[in-house]
2 protein chains.
Amino acid sequence: MPVTVLLVDDEPLVRAGLRAVLEAQPDIEVAGEAADGAAVVPLVRRLRPDVVAMDVRMPLLDGIEATRALLRTVSDPPRILVVTTFENDEYVYEALRAGADGFLLKRARPAEIVHAVRLIAEGESLLFPASVRRLAAEYGDGGGNRAARAELERARLTDREGEVLRLMARGLSNAEIAARLVVGTETVKSHVSAVLAKLGARDRTQAVITAYESGFVTPG
Amino acid sequence: MPVTVLLVDDEPLVRAGLRAVLEAQPDIEVAGEAADGAAVVPLVRRLRPDVVAMDVRMPLLDGIEATRALLRTVSDPPRILVVTTFENDEYVYEALRAGADGFLLKRARPAEIVHAVRLIAEGESLLFPASVRRLAAEYGDGGGNRAARAELERARLTDREGEVLRLMARGLSNAEIAARLVVGTETVKSHVSAVLAKLGARDRTQAVITAYESGFVTPG
DNA sequence: CGGCGTCTCCCCCGTGCGGGGGAGCCCGGC
DNA sequence: GCCGGGCTCCCCCGCACGGGGGAGACGCCG
């Protein structure tokens, strides 16, 4: 009895690639595809796949929310393999905290992709497989320079501070952030100052750079 | 006689996806694959493909250099379709200047990918197809950034402006940039203003964000 | 209970930033 | 020759930013 997989990614090209790679295996079967997180729950109910290979970044409903929704609403939920482009995508960690069972880099080799799906299907957790560490090393930090990352680790931003940093990283001014969060500009200034202090940044631009360099936010 | 395509991308998953999408067409044939730019020239010599679908960012030899190498060393070179993740990747423009015939977003739909390959094969140039504009609009995060991207498409920064933007993206203040470039701070301010205007950015933070989002600078 | 951390808001104050002007110099192209 | 673009430098000016304080309200936890 083959392992059945549901592919969830907003890019058809990635779905086609995963399908080609996985269906080349006799013991793996692609049960279906979805282009966004919102379609996942009904599809899982109908297809009952063993594994969901899920992108984190998607329109409508991202991989984190889709993971939560699956675990919350589906009885005997499938194992969830998070698929991502960047190794230090903080969304990945959120997805793992939300209950995903492992993650996989899109640039992994076909054999590694197949291996990951099999492992996950068998109930193994696949948090930091050797292949990922190797890839991370090969691609030299690829989206997470160590110093910046260490800085962010030590920083221990509060929820609110992280929220503010994210908005800073979208180019919003203090006034705009205040409007978005429905608080006063003075409050935002407090949070911004805290972020700058914790990150060792001199101004918001340096803070945003640290956010990018550490993978706290990612381009694309 | 079918259109033959050589796939060049360092990610096997992307190659598999392109292969699956293209080989579903009766009039398109995948002649071969390469994982980096260095392998392109000999492969083209041997396989004589009509079209090379080439990633810009690759180890060893990137898409720009590979394009140059092809046009310089191969007689009757194939048409070159640049494949990219970001619409405003400055490398793409370099590749186009180097002689590539068009570019394609990885998140395009299969039908659009097929269409692009056919167009390129027929000798059409494919610089800003409607599909790309539509995708850019769809994925533009609402308003401000979209305008900035559209701006960046046309924004041809001068050498000096690019240099200044790069230093901005490293967190340097105007005074520090001035010291680094051995010019006056007023001069730096002029360049910064020009960059902001060309990028449609309100302040240096937004400019740096655009630099990251467009791939003008990369984390790590 | 009292402490602690978080979130909220307030004051003053200096300054780096960015807009809007203008101007001289050099080089390459028409 | 002249013109245009790029690089350089200068003026004034308003303001958002960020530092350095302080303070009240809430929830959590020992």
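A note on names: the letters A, B, ... follow the listed sequences, proteins ahead of strands, and every chain is numbered from 1. What you are looking at is a predicted structure, and each value in this text was computed from that prediction instead of being measured.
Taking the C1' atoms of five terminal pairs at each end of the helix from C:dC1-D:dG30 to C:dC30-D:dG1, the two resulting helix axes are inclined by 40°, rounded to 10°.
Using a distance-only test at 3.5 Å, with no hydrogens or angles considered, a donor-acceptor pair links the side chain of A:Arg204 to the main chain of A:Leu172. Checked by atom type and distance alone, the side chain of B:Glu163 never pairs as donor or acceptor with a backbone atom of B:Arg160 at under 3.5 Å.
The number of heavy-atom neighbours closer than 6.0 Å to CZ of B:Arg170, taken from other residues, nucleotides and ligands shown, is 12 or below.
Inspection of the B:Asn174 and B:Thr185 side chains reveals no N or O donor paired with an N or O acceptor under 3.5 Å.
The side chain of B:Arg202 contributes no N or O atom lying less than 4.0 Å from OP1 or OP2 of C:dG18. In this model, the phosphate group of C:dC7 is approached by a side-chain N or O of A:Thr158 to a distance below 4.0 Å at OP1 or OP2. A sub-4.0 Å separation between OP1 or OP2 of D:dA16 and a side-chain N or O of A:Ser173 is absent.
Residue A:Asp159 has its side chain nearest to C:dC7 when only C:dC9, D:dC10, C:dC7 are considered. The side chain of A:Arg160 lies closest to C:dC7, out of C:dC17, D:dC9, C:dC7. Residue A:Asn174 has its side chain nearest to D:dG18 when only C:dT8, D:dG18, D:dC9 are considered.
A salt bridge does not link A:Glu161 to A:Arg166: none of the charged nitrogens lies less than 4.0 Å from a carboxylate oxygen.
The nearest whole Å value for the distance from the CG atom in B:Asp203 to the P atom in C:dG18 is 6 Å. For B:Gln206 and D:dA16, the CD to C1' distance is 13 Å, given to the nearest whole Å. Regarding B:Arg204, its CZ atom lies at a distance of 11 Å from the P atom of C:dG19, rounded to whole Å. Taking atom CD of B:Glu163 as the reference point, atom P of D:dT8 lies 9 Å away to the nearest angstrom.
B:Ala201 and B:Ala207 get closest at one heavy-atom pair: CB-N, 3.6 Å. Closest of all the heavy-atom pairs between B:Val51 and B:Val117 is CG2-O, 4.2 Å.
With rounding to the nearest 0.5 Å, the separation of CG in B:Leu167 from NE2 in B:His191 is 11.0 Å. Distance check: A:Leu7 CG to A:Leu43 CG gives 11.0 Å after rounding to the nearest 0.5 Å.
Across residues 188-195 of chain B, B:Lys189, B:Val192, B:Ser193 each have a non-hydrogen atom less than 4.0 Å from an atom of DNA chain C (numbered order).
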